[in-house]
There are 2 protein chains.
Amino acid sequence: MAGAGRRSGQDTKARIQEVALDLFTERGYEATSMREIAERLGITKAALYYHFTNKEDIVVSLLSRQLAAVDELIDWAGKQPRGPELRREVIERWSALTARQGVRMFRFAMANQHTLRELKPGREGMFQRFQLLFDAVTDPDAPLEEKLRARLALLTVQMSMIAGRDLDATDEELAEAARKLSLELLRL
Amino acid sequence: MAGAGRRSGQDTKARIQEVALDLFTERGYEATSMREIAERLGITKAALYYHFTNKEDIVVSLLSRQLAAVDELIDWAGKQPRGPELRREVIERWSALTARQGVRMFRFAMANQHTLRELKPGREGMFQRFQLLFDAVTDPDAPLEEKLRARLALLTVQMSMIAGRDLDATDEELAEAARKLSLELLRL
DNA sequence: GTCTATACCCCGATAGAC
DNA sequence: GTCTATCGGGGTATAGAC
């Protein structure tokens, strides 16, 4: 066991992420100040800037694992033959990803859409990532309704986590219901 | 015709709302500063505070007409007998409201969810308003999936305006496709 | 390598002069 | 009805203590 009076940099960094995720989710990214984060941890604002280059960097660090998983799904989908089977499989994986990565992160992402749209961590921002997933699930020549259907099916998984928050069901039950409705929208 | 060199207070107020709606929608509420709004109009920040008590007041003034229409729908729905017929009619009115009030306003509302959740203009905030609409459309004893279905059906109308933005269709075509999918979700 | 002190300029908001 | 001046607090940058 390490001494209690000293903290490693790794430890502090993780604690910053922990506190930041809580505050960003509760009050929103913009409404949360660097001073608040620092105060909760008993350190100064400047200490945050040792561990992260700026406020945005904190949020990017929080999302990086999620984004890597999404990128993996996009790459996988790009290599498969198009069709109803792919659509079903993408929804299944997308749904599993949401459940596994933690509903907490996705609630955070949905609640801070506007902020996140500006960020470009790695590949090209999550707006473009959604676009890529949409493309994997839709035929480019499909009629408007079909394209909209595909987009809504993917968004349904996340939307449900927000819209069903008060429904007195566990996150797992909610995710399962969302998965079913999502497949239904794609007529699978 | 009024003289061109003088502006009435009404005029200035309307011009502030115009510029603010543009900026709030493009860059988001939090990312837009009072100075930017003032600069675009060739006045100072302080002048804004003559016309509006604070930044939030501008956004509330922009939403007031929309909210009045939503309140009307809630009140009407509350007086009708529950059932599939009411569900269909609520979706139809909700959809028409979205189209009529202007997609622009709803894009703004969706893009700034987190900000708007804190506001309580008049009745009780738009989070509670959604809740009331949900209640009108769902049986309290319905299973989880049915309740989620109702919520998603209502949200689909708005979500489509965001998700289908790149689909190279007119707002009217998009709204019509969304209406159909929304009814489909409710199995009507 | 880890953090504090301090200073910068922009933010929303207010007071008071014109 | 609009301005200037000012306030506390926000994100950010850096110098330097340990």
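Worth saying up front: this structure is predicted, and the values here are computed from it rather than measured. In what follows, chains carry the letters A, B, and so on, assigned in the order in which the sequence lines appear, proteins first and then strands, with residues in each chain numbered from 1.
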K.L.:
Tabulate below the donor-acceptor pairs under 3.5 Å that side-chain atoms of residues 181-188 of chain A make, not counting sequence neighbours, or state none.
P.N.:
{"residue": "A/Ser182", "atom": "OG", "partner": "A/Ala153", "partner atom": "O", "Å": "2.6"}
{"residue": "A/Glu184", "atom": "OE1", "partner": "B/Arg149", "partner atom": "NH1", "Å": "3.3"}
{"residue": "A/Glu184", "atom": "OE1", "partner": "B/Arg149", "partner atom": "NH2", "Å": "3.1"}
{"residue": "A/Glu184", "atom": "OE2", "partner": "B/Arg149", "partner atom": "NH1", "Å": "2.6"}
{"residue": "A/Arg187", "atom": "NH2", "partner": "A/Glu146", "partner atom": "OE2", "Å": "2.8"}

K.L.:
Expressed in angstrom and rounded to an integer, what is the separation of A/Phe52 atom CZ from C/dT2 atom P?
P.N.:
12 Å
K.L.:
Listed by chain and number, what are the salt bridge (charged side-chain N to carboxylate O under 4.0 Å, His left out) partners of B/Asp139, not counting sequence neighbours?
P.N.:
none
K.L.:
For every nucleotide of nucleotides 4-18 of chain C, 5' to 3': is a protein heavy atom under 4.0 Å from its base (B), only from its sugar-phosphate (S), or from neither (-)?
P.N.:
BB-----SBBBB---
K.L.:
Using a 4.5 Å cut-off on heavy atoms from C-beta on, say whether the side chain of A/Phe52 contacts that of A/Ile37.
P.N.:
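The answer is no, as the side chains (C-beta and beyond) never meet within the 4.5 Å cut-off.
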K.L.:
OP1 or OP2 of D/dT2 less than 4.0 angstrom from a side-chain nitrogen or oxygen of B/His51, does that happen here?
P.N.:
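It does, given that an N or O in the side chain of B/His51 lies less than 4.0 Å from OP1 or OP2 of D/dT2.
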K.L.:
What donor-acceptor contacts under 3.5 angstrom involve side-chain atoms of residues 39-46 of chain A, with partners at least two apart or in another chain?
P.N.:
{"residue": "A/Glu39", "atom": "OE1", "partner": "A/Arg35", "partner atom": "NH1", "Å": "3.3"}
{"residue": "A/Glu39", "atom": "OE2", "partner": "A/Arg35", "partner atom": "NH1", "Å": "2.8"}

K.L.:
Go through the structure and list residues passing ring-ring contact (aromatic ring centres under 6.0 Å, His included) with A/Phe134, not counting sequence neighbours.
P.N.:
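Testing A/Phe134 for ring-ring contact (aromatic ring centres under 6.0 Å, His included), a comparison that skips the adjacent residues, returns A/Phe130.
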K.L.:
Under the rule for salt bridge (charged side-chain N to carboxylate O under 4.0 Å, His left out), what residues qualify as partners of A/Glu30, not counting sequence neighbours?
P.N.:
none
K.L.:
With sequence neighbours excluded, what pairs up with A/Gln80 under the side chain to side chain contact (heavy atoms under 4.5 Å, CB included) test?
P.N.:
A/Trp76, A/Leu86
K.L.:
Between B/Lys13 (NZ) and D/dT2 (C1'), how many Å, whole number?
P.N.:
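It works out to 16 Å between those atoms.
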K.L.:
For A/Tyr49, enumerate each residue passing the ring-ring contact (aromatic ring centres under 6.0 Å, His included) test, keeping only those at least two apart in sequence or located in another chain.
P.N.:
none
K.L.:
Need the bend value for the helix from C/dG1-D/dC18 to C/dC18-D/dG1: angle between end axes, 5 pairs each end, nearest 10°.
P.N.:
10°
K.L.:
Rounded to the nearest Å, what distance is computed from the CD1 atom of residue A/Ile58 to the C1' atom of nucleotide D/dT12?
P.N.:
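Answer to the nearest Å: 12 Å.
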